[in-house]
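Below: the structure, in structure tokens.
Residue numbers begin at 1 in each chain, while the letters A, B, ... track the order of the sequences. FYI, side chains are in, hydrogens and waters are out, and symmetry mates aren't considered; it's all heavy atoms of this structure. Just so it is clear, the model here is predicted, and its values are computed rather than measured.
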Protein chains: 2
Amino acid sequence: MLRQNDPREINPQGNGLLKGIAVDPVIFGFHENQLKVLIIEHTNTGLYALPGGYIQENEDVDEAAERILTMRTGLSDVYLEQFHIFGKYNRTDPEVVKKILIGQGFTPTDDHWSLKRFISVGYYALVDYTKTRLTTDLTTGSCDWYDFDAVPPLIFDHQLIIDKALTTLRHNLDQMLIGFNLLPPIFTMVELHTLYETVLGKKLLPPNFQRKMLSLGILERIEKKKTGKAHKSPYLYRFKPSE
Amino acid sequence: MLRQNDPREINPQGNGLLKGIAVDPVIFGFHENQLKVLIIEHTNTGLYALPGGYIQENEDVDEAAERILTMRTGLSDVYLEQFHIFGKYNRTDPEVVKKILIGQGFTPTDDHWSLKRFISVGYYALVDYTKTRLTTDLTTGSCDWYDFDAVPPLIFDHQLIIDKALTTLRHNLDQMLIGFNLLPPIFTMVELHTLYETVLGKKLLPPNFQRKMLSLGILERIEKKKTGKAHKSPYLYRFKPSE
DNA sequence: AGAATAGTGTCTCTAAGACATTATCGC
DNA sequence: GCGATAATGTCTTAGAGACACTATTCT
């Protein structure tokens, strides 16, 4: 279990961190025909949240998002995109933050920096569910996948952030461009198909879906086939190596 | 000339303002077949920039963007959308900020809040050029429209912000949905047509363009015609009142 | 009438949707 | 061969693009 990477743990005073702004990545996975979201529980609180984090003073915001994503999942070089900032002046609740800090064994004064107004930069990431190595730390009681439609109640506006992320994801999926990032490097057309159906929430006719996907010219068919089942085995596909 | 609305002018200490985060709206207009951008000059510096501003502690980020837009243009209820945040840790330059403050007659200490790292929330607005009443203040030497392809060199990454805003605008225009916001309430199909051609930077065949626009079902033809010229006068259109 | 610009009709071609058909695998 | 699933073929329809044509206004 990794522990040293979360700045809050070793740094409750927030030294070297930007105040008033946080990064909240919505990390999507796909497994057993279900869209999954990564949710953490703050230690000893029963409070669930997005696996967010702060930005270091000498670090780009994008770098902070990558760092947090890598710290939580063990993955790098994944699809990660900033999609919106959430800036309502009263979107956070000092009482809730206080509970979180107390759960971490830290008793904040009323003027503690993390009790003040916070703006959140929303990112969404698409990761290969089978490759993730979820990591908790002292501030995190649990870090787990939840079915998209069965996430527990979340603090602040985190549910809104997830919903907005899904809207953006759907919009981008409609362009048929980025769905592959949620699958292992090698996959079948049916897997890709069910992924799209699940995320978009509607049926797509298999012949048309395949035609569309192949016409994009970014898939490569691998001439090996699956084994085992009592029916025709599907082709395997992967991303075309490069441009 | 309005003066009292820019918090920097009456508040160089930044009391009541969020530190480390600013709003930079890219305000687009359209006039004489040219896409225009609103650019300010910081007083006594020769430094050009987007007409940005700060966020008040008790104000949503979106409200701050609206306030700044209204303050500069006199307009409210215009198309205004957050499109990206710019978070490179070294995107601003303390020396440049110092020049700006000195130009305002204020000599900052080296630890002045506005010399530190700043994150910018990028918005873009589409306004009716003919309706704007541009407003300067004590911190602003000028506030003027520039042809999109002839803006002067800008401070920081403001040119990047403009370019990214135009990319987003083009993408949205391709969906054929939001171009009307750049025109007066009543316009001809040709005006709409040249607007799209100019912004998208490509030719569109008039019959197809008209067919597409009318098929959207959001335009209403007003059965009055223009006067004067020695040729057929065009129909006038406006947005359909509501849904 | 004729110049100039506005607006319409229509042909072609491509792409999407629906559905029928063929192919392959293991029993 | 048979059941099950994968993959392909093709018919229909909708829309984009190109271009020819008609309409209107004023000189």
Separation of atom [atom1] in [X] from atom [atom2] in [N], rounded to whole Å:
| X | N | atom1 | atom2 | value |
| --- | --- | --- | --- | --- |
| B:Phe209 | C:dG7 | CZ | P | 12 Å |
| A:Arg221 | C:dT24 | CZ | P | 12 Å |
| A:Leu204 | C:dA18 | CG | P | 10 Å |
| A:Tyr196 | C:dG17 | OH | P | 14 Å |
| A:Tyr235 | D:dT5 | OH | P | 19 Å |
| A:Lys203 | C:dA18 | NZ | C1' | 16 Å |
| A:Ile222 | D:dA6 | CD1 | P | 17 Å |
| A:Leu214 | D:dT8 | CG | C1' | 11 Å |

Is the Lys NZ or Arg CZ of A:Arg221 less than 6.0 Å from the centre of A:Tyr235's six-membered ring, within 45° of the axis?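 Because its charged atom sits under 6.0 Å from the ring centre and within 45° of the axis, A:Arg221 does stack over A:Tyr235.
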
Nearest heavy atom decides the nucleotide; on that basis, is B:His231 or A:Met189 closer to the 5' end of DNA chain D?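 Checking each residue's closest nucleotide, the 5'-ward one belongs to A:Met189.
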
Should the ring pair A:Tyr124 and A:Phe83 be called parallel, tilted or perpendicular, given that the plane angle runs from 0 to 90° and is split at 30 and 60?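 Ring orientation, 0 to 90° scale: perpendicular.
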
Would you tell me if any nitrogen or oxygen in the side chain of B:Gln210 comes within less than 4.0 Å of OP1 or OP2 on C:dT8?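 So the side chain of B:Gln210 is within the cut-off, an N or O lying under 4.0 Å from OP1 or OP2 of C:dT8.
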
Identified ring-ring contact (aromatic ring centres under 6.0 Å, His included) partner of B:His193 from the options B:Tyr237, B:Phe187, B:Phe209: B:Phe209

Counting primed atoms, P, OP1 and OP2 as sugar-phosphate and everything else as base, the B/S/- map of nucleotides 13-22 of chain D against protein heavy atoms under 4.0 Å is ---BBBBB--

In chain order, what residues pass the side chain to side chain donor-acceptor pair (under 3.5 Å) check against A:Glu63, with sequence neighbours excluded?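 Scan of A:Glu63 (side chain to side chain donor-acceptor pair (under 3.5 Å), adjacent residues dropped) gives none.
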
Could you check whether B:Arg238 pairs with B:Glu220 (Lys NZ or Arg NE/NH1/NH2 to Asp/Glu carboxylate O, under 4.0 Å)? yes

Mark yes when over 12 heavy atoms from residues, nucleotides or ligands other than B:Asp149 sit less than 6.0 Å from its CG; otherwise mark no. yes

